[in-house]
Amino acid sequence: RRHWCAASESEPSLIQDTMTYGAVGAGVGACIGALESAWMLNPGPTPFRTTLSLMGGHAAMFGSIAAVFAATEATGHMINGRSDANTVAAGCAAGSIYGLRNSNLSAAFAGCLLFGGAQAMGVFKSWEGHGEH
């Protein structure tokens with residue numbers, strides 16, 4: 001049975017996980033934007049507007065990356081069941097967001113390789129740890 005909204009320990013929830021990851025990603029992005037603004041040497045004639053612009057831009061980017069990761073992983077789980085490939089595919093999809101947002105396919109491909117590769121390394125490390133027991 002596939003769950004769209006019901007969250008449980010064993011099954012990811014498409015809607016709830018996407019909203020949660022997106023909100024956390026947006027919060028992290030807003031903090032990064034605020035820090036970037038604080039360290040700017042010349043914020044221009046309207047520093048408050050510059051700060052809000054940086055916070056909003058970073059919040060949108062980080063929130064969308066996190067939401068795409070969660071949605072891809074939950075969708076993969078609903079289609080394939082529990083699989084490490086879901087995590088790698090989610091990393092690839094999330095990593096491609098930056099390049100796609102800027103209409104740069106090579107950056108999207110590089111982001112897919114970077115994020116997907118990082119997830120694959122994590123999956124490999126978790127396999128490695130299971131062999132020691």
Side-chain angles (χ1 to χ4, degrees):
R1 185 172 169 184
R2 297 190 174 136
H3 299 281
W4 293 90
C5 292
S8 69
E9 292 282 330
S10 62
E11 255 184 81
S13 165
L14 177 62
I15 295 172
Q16 185 175 359
D17 287 0
T18 302
M19 298 292 285
T20 301
Y21 280 48
V24 170
V28 169
C31 290
I32 290 171
L35 288 172
E36 182 179 341
S37 172
W39 284 319
M40 286 183 79
L41 295 177
N42 182 12
T46 56
F48 186 68
R49 185 175 296 192
T50 302
T51 299
L52 289 180
S53 175
L54 285 171
M55 289 174 69
H58 287 312
M61 179 55 70
F62 279 78
S64 62
I65 289 171
V68 165
F69 180 88
T72 305
E73 188 171 41
T75 301
H77 183 81
M78 289 187 313
I79 294 169
N80 300 325
R82 185 167 298 282
S83 171
D84 292 331
N86 298 338
T87 305
V88 175
C92 178
S96 66
I97 294 298
Y98 180 78
L100 293 175
R101 179 178 182 229
N102 295 314
S103 301
N104 185 338
L105 291 179
S106 60
F109 183 70
C112 173
L113 289 177
L114 181 68
F115 278 54
Q119 293 301 317
M121 296 280 286
V123 166
F124 177 72
K125 282 293 193 187
S126 72
W127 284 344
E128 197 175 79
H130 290 298
E132 295 174 2
H133 295 286

Problem set entry | Sidechain-backbone polar pair: T75 side chain, T72 backbone, donor-acceptor under 3.5 Å | no

For this session: Keeping the roles fixed (side chain from N86, backbone from G81), state whether a donor-acceptor pair exists under 3.5 Å.
Result: yes

Problem set entry | Residues which pass side-chain contact (heavy atoms from CB on, under 4.5 Å) with M121, listed by chain and number, not counting sequence neighbours | none

For this session: Kindly indicate, with the supporting measurements, whether the criterion side chain to side chain contact (heavy atoms under 4.5 Å, CB included) is fulfilled by L52 and F48.
Result: CA-CA 6 Å; L52 289 180; F48 186 68; 3.3 Å; yes

Seminar exercise, completed: Residue pairs meeting side chain to side chain donor-acceptor pair (under 3.5 Å), one or both in residues 20-43, sequence neighbours left out, come to E36-H58, S37-T51

For this session: Write out all pairs satisfying side chain to side chain donor-acceptor pair (under 3.5 Å) with one or both partners inside residues 106-122, taking only residues at least two apart or from two chains.
Result: N104-S106

Seminar exercise, completed: Contacts satisfying disulfide bond (SG atoms under 2.5 Å apart) that involve residues 78-126 (not counting sequence neighbours) are C92-C112

Exercise. Is L113 reachable from V88 through a run of hydrophobic residues whose side-chain heavy atoms are each under 4.5 Å from the next?
Worked result: no

Problem set entry | Residues, nucleotides or ligands: over 12 heavy atoms within 6.0 Å of M19 CE | no

Distance-only donor-acceptor pairs under 3.5 Å for side chains of residues 60-70, two or more places apart:
from	atom 1	to	atom 2	distance (Å)
S64	OG	A60	O	3.0
S64	OG	M61	O	2.9

Exercise. What closest approach, in Å, do G99 and A107 show between heavy atoms, and which atom pair accounts for it?
Worked result: CA-CB, 3.8 Å

Problem set entry | Nearest heavy-atom neighbours spanning A93 and S96 | O-OG, 2.8 Å

Problem set entry | Test side chain to side chain donor-acceptor pair (under 3.5 Å) applied to T87 - qualifying residues, sequence neighbours left out | E73

